[in-house]
Colleague: 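Dropping the structure in here first, questions after.
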Amino acid sequence: MSLGSFISSSRKIMRGDAGVDGDAQRIAQLVWLLFLKVYDAKEAEWEFHDEHFRSIIPERLRWRNWAVDHRDGEASTGDELLTFVNEDLFPTLQNLPIDSTTPLSKSVVKSVFEDSNQYMKDGILLRQLINLINEIDFDDFSDRHAFGEIYETLLKQLQSAGSSGEFYTPRAVTDFMIERLNPRLGEQVADFAAGTGGFLTSTLKHLDSQVENIADREAYRQSVFGIEKKPMPYLLGVTNLLLHDVEEPRFFHGNSLDRNVRDYREDEKFQVIAMNPPYGGTEQDSVKANFPASFRSSETADLFVALILYRLCKNGRAGIVLPDGFLFGDENAKTNLKQRLMEDLNLHTIIRLPGSVFAPYTSITTNLLFFENSGASKGVWFYRVDLPEGYKAFSKTKPMLSEHFDDCREWWDNRREIIDGDGNPKAKFFSAAEIAEGNYDLDLCGYPQEVHEVLSPEETIAEYKAKRAELDAKIDEQIARIEALLAVKS
């Protein structure tokens, strides 16, 4: 079954159910079912390699024992299926007994179901959806990574994504950032607002080519760490990591900003941090109190920048997606954070992206900031990624692709100042002194703006009359030529 066929069929089934209202609920309904399907496939692997393996899920509730339809008329459906899911499956999984000794590979089941919901009210349609999911073979290599593609496609279709804060970071962006940060096996890569795990799976893809033996594979599985606040992205992220052979995902459901940043120990810091924090949001005063007064901000993204300062280890590397507002903002917290990035860390590169990169979720213009915990910055290189030739904007049908970073890659490895045809700097180095003199305004090498002169009503009328007179004169001239030609012929 093709990816497109699966998405179309699942949406059609759920649209017929009165309990599922809108795309957000359709995705939520689909993903807990996909999780159980994927988890069952992983358990089959664990059982094969360990004859003493015991599932944390009671036997009657394991996917293989209730969800698979053997076409013998025995599969549960209708009201019987609804009663089973609502009164047995969900309550049991939400209250699984776990303690400090429970492996992450098992405790993750309870974490996933604590905030999941069963929306469907038609047991026959629920059976149809389950049977559709069972057509995906997660034991087959070509299907193992289908889950991520399925979700990405669904999220792109979610028109309300922007209002719920669930912006999807394009794969081209996560791959480029991880490529530039270049994590190595043995390093720990963290994302404190991990969403569905895009940066973490890009990391795993980057590290996979470095695996040469069993010890390397174990290091690969221990290489990523994530925290996500919202239930649905958390569920998707956990499942995505399971599909990438991270058997005990260090992916936690919670708010990264809830802890006092002064309390982090050295062993809780990371060599690499990559993230796209939520922006435009606000946090309660109790959360802001977890930060020094100079960093307290009403903008959530600012607090995540501050968090990175406390969780990036010595000589660690970080890449973060931030809106233009952080670059030019002159509020105390923003200015103090930028000063800290320049004076205590090495902010070395800012890549400016076109405003349509995150279409259709938001038109906010974003930037990629790269810095290291290696001492003060000597200055910052800026590079502007322009739209490809023939593009007016990126969109759902024409998204940003990896190759659109090719010019930037070439420049990154051979840095030089570039001036475009209009005389604007496309790439330029600004010293730390220049940036400090500008009160840490980082809104540099931006996109040329069209300037429209605003005229008074009198000036507008006068300009209109002049243009009309000029046009009338040209028309009269052409008419005179035509009349002259007619006179010659007669």
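If you read the sequence from its start, that first residue is 1, and numbering goes on from there.
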Colleague: Just by modelled atom types, is the Phe199 backbone N or O under 3.5 Å from a matching donor or acceptor in the Thr174 side chain?
Modeller: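 Pair absent, no side-chain N/O of Thr174 close to backbone of Phe199.
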
Colleague: Looking only at non-hydrogen atoms, find the nearest pair between Met400 and Ala172 and report the distance.
Modeller: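 Looking at all heavy atoms of both residues, the shortest contact is O-CB, 3.6 Å.
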
Colleague: Angle between ring planes, Tyr39 versus Phe35, binned at 30° and 60°: parallel, tilted or perpendicular?
Modeller: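 The rings of Tyr39 and Phe35 lie parallel, inter-plane angle below 30°.
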
Colleague: Can the positive tip of Lys42 be found less than 6.0 Å from the middle of the six-membered ring of Phe48, inside 45° of the ring normal?
Modeller: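 Verdict for Phe48: no cation-pi partner in Lys42.
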
Colleague: Using a cut-off of 6.0 Å, state whether more than 12 heavy atoms not belonging to Glu212 lie near its atom CD.
Modeller: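 No - once you tally the heavy atoms of other residues, nucleotides and ligands closer than 6.0 Å, there are 12 at most.
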
Colleague: Are Phe192 and Phe304 close enough that their ring centres sit under 6.0 Å apart?
Modeller: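 They do not qualify: ring centres at least 6.0 Å apart.
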
Colleague: Using atom types as modelled and distance alone, determine if a side-chain donor or acceptor of Glu187 lies under 3.5 Å from a backbone N or O of Arg184.
Modeller: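 Checked: pair present.
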
Colleague: Verify the distance criterion only: is there a donor paired with an acceptor across the side chains of Asn213 and Arg217 at less than 3.5 Å?
Modeller: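 No, no side-chain donor-acceptor contact under 3.5 Å.
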
Colleague: Between side-chain atoms of residues 321-334 and protein atoms elsewhere (two or more places apart, or another chain), which donor-acceptor pairs fall under 3.5 Å?
Modeller:
{"residue": "Asp324", "atom": "OD1", "partner": "Arg352", "partner atom": "NH2", "Å": "3.1"}
{"residue": "Asp324", "atom": "OD1", "partner": "Asn367", "partner atom": "ND2", "Å": "2.8"}
{"residue": "Lys334", "atom": "NZ", "partner": "Asp302", "partner atom": "OD2", "Å": "2.9"}

Colleague: Quick one: does any side-chain atom of Asp208 pair with a main-chain N or O of Leu204 as donor and acceptor, under 3.5 Å?
Modeller: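 Pair absent, no side-chain N/O of Asp208 close to backbone of Leu204.
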
Colleague: Parallel, tilted or perpendicular for Phe225 and Phe252, by the 30°/60° rule?
Modeller: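 Ring orientation, 0 to 90° scale: tilted.
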
Colleague: We want to know whether Glu59 and Asn65 form a side-chain donor-acceptor pair, criterion being a heavy-atom distance below 3.5 angstrom.
Modeller: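 Side chains of Glu59 and Asn65: pair found under 3.5 Å.
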
Colleague: So, Lys106 side chain and Arg54 main chain: donor-acceptor pair closer than 3.5 Å or not?
Modeller: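 Between the backbone of Arg54 and the side chain of Lys106 there is a qualifying donor-acceptor contact (under 3.5 Å).
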
Colleague: Parallel under 30°, tilted from 30 to 60°, perpendicular over 60°: which one fits the rings of Trp412 and Phe176?
Modeller: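 Taking Phe176 first and then Trp412, their aromatic rings stand perpendicular (interplane angle over 60°).
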
Colleague: Identify whether the distance between the nearest side-chain nitrogen and carboxylate oxygen of Arg64 and Glu47 falls below 4.0 Å.
Modeller: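 Looking at Arg64 and Glu47, the cut-off is met.
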
Colleague: Please answer whether the main-chain N or O of Lys288 pairs with a side-chain N or O of Arg296 as donor and acceptor at a distance below 3.5 Å.
Modeller: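 Yes; judged by distance alone, with no hydrogens or angles, the pair exists.
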
Colleague: Checking Lys37 against Asp40 for the salt bridge (charged side-chain N to carboxylate O under 4.0 Å, His left out) test, could you report, in this order, the C-alpha distance in whole Å, the side-chain angles of both residues, the deciding distance, and whether it holds?
Modeller: CA-CA 5 Å; Lys37 165 74 173 174; Asp40 192 66; over 6 Å; no

Colleague: Hey, is the main chain of Leu347 close enough, under 3.5 Å, to the side chain of Ser377 for a donor-acceptor pair?
Modeller: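 Yes, Ser377 side chain to Leu347 backbone: donor-acceptor pair under 3.5 Å.
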
Colleague: Val112 and side-chain contact (heavy atoms from CB on, under 4.5 Å): which partner among Val108, Val109, Asp115?
Modeller: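 Answer to the side-chain contact (heavy atoms from CB on, under 4.5 Å) test with Val112 among Val108, Val109, Asp115: Val108.
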
Colleague: What heavy-atom pair brings Gly186 and Ala219 nearest, and what distance separates the two atoms?
Modeller: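 Looks like N-CB, 4.4 Å.
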
Colleague: What are the two closest heavy atoms between Gln271 and Gln188, and how far apart are they?
Modeller: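 Minimum heavy-atom separation between Gln271 and Gln188: OE1-N, 2.9 Å.
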
Colleague: In Å, rounded to the nearest 0.5 Å, how long is the span from CG of Leu368 to CG of Leu353?
Modeller: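 So the gap between those two atoms works out to 4.0 Å.
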
Colleague: So, are Glu248 and Arg221 salt-bridged, with charged N and O less than 4.0 Å apart?
Modeller: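 Answer for the salt bridge query: no.
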
Colleague: Please name the residue in the list Asp191, Asp175, Thr169 that meets the side-chain hydrogen bond (donor to acceptor under 3.5 Å, both in side chains) test with Ser202.
Modeller: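 Exactly one pass, corresponding to Asp175.
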
Colleague: Without swapping roles, check the side chain of Asp72 against the backbone of Glu74 for a donor-acceptor pair under 3.5 Å.
Modeller: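 Yes, because the side chain of Asp72 sits within donor-acceptor range (under 3.5 Å) of the backbone of Glu74.
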
Colleague: Check whether any side-chain N or O of Glu80 sits under 3.5 Å from a backbone N or O of Ser76 as a donor-acceptor pair, and report yes or no.
Modeller: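 Side chain of Glu80 to backbone of Ser76, a donor-acceptor pair under 3.5 Å: no, none is there.
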
Colleague: Can you tell me if Arg317 uses its side chain to pair, donor with acceptor, with the backbone of Asn182 under 3.5 Å?
Modeller: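 Yes; at least one donor-acceptor contact below 3.5 Å.
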
Colleague: Before giving the answer on side-chain hydrogen bond (donor to acceptor under 3.5 Å, both in side chains), spell out for Asn260 and Asn290 the whole-Å C-alpha distance, their side-chain angles and the decisive distance to 0.1 Å.
Modeller: CA-CA 4 Å; Asn260 194 310; Asn290 290 326; 4.5 Å; no

Colleague: Judged by modelled atom types alone, do Tyr440 and Glu343 share a side-chain donor-acceptor pair under 3.5 Å?
Modeller: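 Result is yes, a qualifying pair exists.
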
Colleague: Would you please test Glu268 and Arg265 for side-chain contact (heavy atoms from CB on, under 4.5 Å) and show each step?
Modeller: CA-CA 5 Å; Glu268 296 177 288; Arg265 307 182 305 270; 3.5 Å; yes

Colleague: Yes or no on side-chain contact (heavy atoms from CB on, under 4.5 Å) for Met120 and Leu129, after CA distance, side-chain angles and deciding distance?
Modeller: CA-CA 10 Å; Met120 295 185 74; Leu129 182 60; 3.8 Å; yes

Colleague: When you check the side-chain N and O atoms of Arg15 and Ser10, is any donor under 3.5 Å from an acceptor?
Modeller: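 There is no such pair (donor and acceptor under 3.5 Å, judged by atom type) between the side chains of Arg15 and Ser10.
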
Colleague: Strictly by modelled atom types, are Ser55 and Glu43 linked by a side-chain donor-acceptor pair under 3.5 Å?
Modeller: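 Yes, Glu43 and Ser55 have a side-chain donor paired with an acceptor closer than 3.5 Å.
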
